[in-house]
Amino acid sequence: MTDTIFNLAPSPGERAKAALGRRNLVLVGLMGAGKSAIGRLVAQQLGLPFIDTDTEIERVSRMTISELFAAYGEEEFRALETRVIKRLMRSGPRVVSTGGGAFINEKTRKQIERGGLSVWLNADLDVLWDRVNKRDHRPLLKTENPKQTLKDLMDKRYPIYALADITVQSRDERKEVIAGEVLTAVIDHIGKDKRP
Ligand SMILES: Nc1ncnc2c1ncn2[C@@H]1O[C@H](COP(=O)(O)OP(=O)(O)O)[C@@H](O)[C@H]1O
Ligand SMILES: O=C(O)C1=C[C@@H](OP(=O)(O)O)[C@@H](O)[C@H](O)C1
Ligand SMILES: [Mg+2]
């Protein structure tokens, strides 16, 4: 009997999904914060579709992000990014992981504010560096001193990421734990919104 009652209690995923309604859950933050990896897990727990905007841009352009930067430059990439996010924010719900620069662009940020609930995956420099250092597919980090570049981007971008609806600390902890904290933060945030 107790078991039956226990099993009927909604899971954090179900509660967060109900709280989200038709809104998209949008992950923002710097390169290496875990937006793509955590977003995928969060979507699984919510039972919602998952879209990574970089993957979507690569799909529609039939080029990798590095190829796009090399052939057309960052400005053209940002224009594509804005267009993809605008389209995604028109319907929902789903989980959307953005590229690190998306939320920094004012036009894109306004679109996210209208169609989504934003979550900043905040992380310190050493955590980010450890993660991005393992791969070389990020064009903005192809500099003489990529760790310093990352630090400069943190200084510029963190005040803007801080405008997100919710902040979750991404750190040296299992991905499932961070994904669980995102769900709890969504439930808490929306609960607070509804209080008189
Ligand atoms: N909590 C975590 N623990 C260990 N590795 C992680 C964690 N979060 C992300 N990663 C790894 O760090 C790398 C960068 O993550 P990714 O999701 O691509 O970041 P972003 O999309 O924010 O740039 C990936 O290899 C990913 O698997
Ligand atoms: O920070 C940025 O401006 C960028 C981050 C990348 O995505 P991730 O944050 O998923 O690495 C990708 O969109 C592109 O290389 C530019
Ligand atoms: Mg990513």
Side-chain angles (χ1 to χ4, degrees), residues 25-45 50-61 63-86 88 94-109 111-112 118-143 146-162 164 166-185:
L25 187 61
V26 186
L27 275 73
V28 307
L30 206 54
M31 294 173 269
K35 303 177 295 295
S36 302
I38 303 298
R40 183 176 295 282
L41 285 180
V42 168
Q44 274 167 13
Q45 301 229 11
F50 170 67
I51 295 212
D52 187 282
T53 60
D54 282 340
T55 311
E56 186 63 9
I57 290 166
E58 289 182 335
R59 189 181 67 79
V60 297
S61 67
M63 292 171 99
T64 66
I65 302 295
S66 291
E67 285 166 350
L68 264 172
F69 267 71
Y72 301 111
E74 181 173 352
E75 210 177 311
E76 187 55 33
F77 169 77
R78 296 298 170 205
L80 266 173
E81 188 173 52
T82 304
R83 224 180 303 151
V84 162
I85 292 176
K86 186 176 183 183
L88 290 173
R94 54 171 93 77
V95 177
V96 178
S97 291
T98 59
F103 200 66
I104 304 307
N105 181 306
E106 198 182 346
K107 209 165 152 192
T108 313
R109 193 166 63 251
Q111 286 160 0
I112 295 173
S118 51
V119 180
W120 174 26
L121 286 184
N122 183 4
D124 69 34
L125 181 61
D126 287 332
V127 167
L128 296 172
W129 176 243
D130 259 10
R131 293 181 186 162
V132 298
N133 194 20
K134 294 186 179 121
R135 290 190 61 193
D136 70 345
H137 67 296
R138 292 177 170 93
L140 291 185
L141 297 180
K142 287 183 178 143
T143 60
K147 189 170 181 185
Q148 184 59 46
T149 305
L150 205 52
K151 166 84 177 64
D152 294 343
L153 284 170
M154 280 180 83
D155 292 345
K156 254 195 260 165
R157 291 179 173 183
Y158 273 28
I160 301 174
Y161 293 141
I166 295 170
T167 299
V168 170
Q169 192 68 26
S170 180
R171 54 196 190 281
D172 205 1
E173 179 60 88
R174 286 170 48 241
K175 292 174 197 172
E176 288 74 12
V177 172
I178 310 292
E181 289 180 9
V182 170
L183 294 182
T184 309

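Here, residue 1 is the first one in the sequence, and each next residue gets the next number. Numbering of ligands and ligand atoms starts at 1, following listing order.
Among the atoms of Ser97, none of the N, O or S atoms falls under 2.8 Å from the Mg ion (ligand 3).
Contacts of Leu30 with ligand 1, taken as heavy-atom pairs under 4.0 Å, involve the backbone alone. Counting heavy atoms under 4.0 Å from ligand 1, residue Glu173 touches it through the backbone alone. Counting heavy atoms under 4.0 Å from ligand 1, residue Arg138 touches it through the side chain alone. If you look at Arg135 next to ligand 1, there are no close heavy atoms at all, none under 4.0 Å.
Remark: atom 25 (O) of ligand 1 lies closer than 4.0 Å to no protein heavy atom. Note that atom 7 (C) of ligand 1 has protein non-hydrogen atoms nearby, at separations under 4.0 angstrom.
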### Task
For the pair Glu76 and Ser61, evaluate side chain to side chain contact (heavy atoms under 4.5 Å, CB included) and give the outcome as yes or no after the intermediate values.
CA-CA 11 Å; Glu76 187 55 33; Ser61 67; over 6 Å; no

### Task
Would you sort out whether Met154 and Leu125 count as a side chain to side chain contact (heavy atoms under 4.5 Å, CB included), showing the intermediate values?
CA-CA 8 Å; Met154 280 180 83; Leu125 181 61; 3.7 Å; yes

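Here the OG1 atom belonging to Thr98 is positioned 12.0 Å from the CZ atom belonging to Arg109, to the nearest 0.5 angstrom. Atom NE2 of His137 is separated from atom CE of Met31 by 10.0 Å, given to the nearest 0.5 angstrom. Here CD1 of Ile85 is found 11.0 Å from CG of Leu80. Values are rounded to the nearest 0.5 Å. Distance check: Leu25 CG to Arg94 CZ gives 12.0 Å after rounding to the nearest 0.5 Å.
Annotation for ligand 2: atoms under 4.0 Å from non-hydrogen atoms of Asp54 are 6 (C), 7 (O), 8 (P), 10 (O), 12 (C), 13 (O). Atoms of ligand 2 lying under 4.0 Å from at least one heavy atom of Phe77, given by number and element, are 13 (O). The ligand atoms of ligand 1 that sit less than 4.0 angstrom from a heavy atom of Arg171 are 1 (N). Each of the atoms 17 (O) of ligand 1 lies under 4.0 Å from some heavy atom of Ala37. Close contacts of ligand 1 with Met31, meaning ligand atoms under 4.0 Å from a residue heavy atom, involve 23 (O). Atom numbering of ligand 1 starts at 1 in the shown order; those under 4.0 Å from a heavy atom of Gly34 are 9 (C), 15 (O), 16 (P), 17 (O), 19 (O), 20 (P), 22 (O). Less than 4.0 angstrom separates some heavy atom of Leu140 from each of these atoms of ligand 2: 2 (C), 3 (O).
Considering backbone and side-chain atoms alike, Ser36 places an N or O below 3.5 Å from some N or O of ligand 1. Ligand 1 has an N or O atom lying under 3.5 Å from an N or O atom of Gly32, backbone or side chain. Considering backbone and side-chain N/O of Ser170, none are found under 3.5 Å from N/O of ligand 1.
Between Asp130 and Lys147 there is no salt bridge, since no side-chain nitrogen of the basic residue lies less than 4.0 Å from a carboxylate oxygen of the acidic one. A salt bridge is absent between Arg78 and Glu75: the closest approach of a Lys/Arg side-chain nitrogen to an acidic carboxylate oxygen does not fall below 4.0 angstrom. Electrostatic pairing of Lys156 and Asp152 does not count as a salt bridge here, judged by no charged N lying under 4.0 Å from a carboxylate O.
Taking atom 27 (O) of ligand 1 as the reference point, the nearest protein heavy-atom neighbour is Lys175 NZ, 2.8 Å. When only non-hydrogen protein atoms are considered, atom 9 (O) of ligand 2 lies nearest to Lys35 NZ, 2.7 Å. Looking from atom 2 (C) of ligand 2 to the surrounding protein, the closest heavy atom is Gly101 N, 3.3 Å. Nearest to atom 15 (O) of ligand 2 among the protein's heavy atoms is Pro139 CD, 3.6 Å. With hydrogens left out, the protein atom closest to atom 4 (C) of ligand 2 is Gly100 N, 3.8 Å, a heavy atom. Shortest contact from atom 12 (O) of ligand 1 to any protein heavy atom: Arg131 CD, 3.2 Å. What sits closest to atom 14 (C) of ligand 2 on the protein, heavy atoms only, is Ile65 CG2, 3.9 Å.
Ring planes of Phe69 and Phe77: tilted class, angle from 30 to 60°.
Between Arg138 and Thr149, the side chains place no donor N or O within less than 3.5 Å of an acceptor N or O (distance only, hydrogens not considered). No side-chain N or O of Asn122 forms a donor-acceptor pair with one of Thr167 less than 3.5 Å apart.
Using a 4.0 Å heavy-atom cutoff, Arg78 is listed among the residues neighbouring ligand 2.
One N or O on the side chain of Arg131 and one on the backbone of Ala33 form a donor-acceptor pair closer than 3.5 Å. A donor-acceptor pair under 3.5 Å links the side-chain atoms of Tyr161 to the main chain of Gly100, judged by distance alone.
Looking at Arg138, Glu74, Arg157, it is Arg157 that brings a heavy atom closest to atom 1 (O) of ligand 2.
Heavy atoms from other residues, nucleotides or ligands lying under 6.0 Å from NZ of Lys142 number more than 12.
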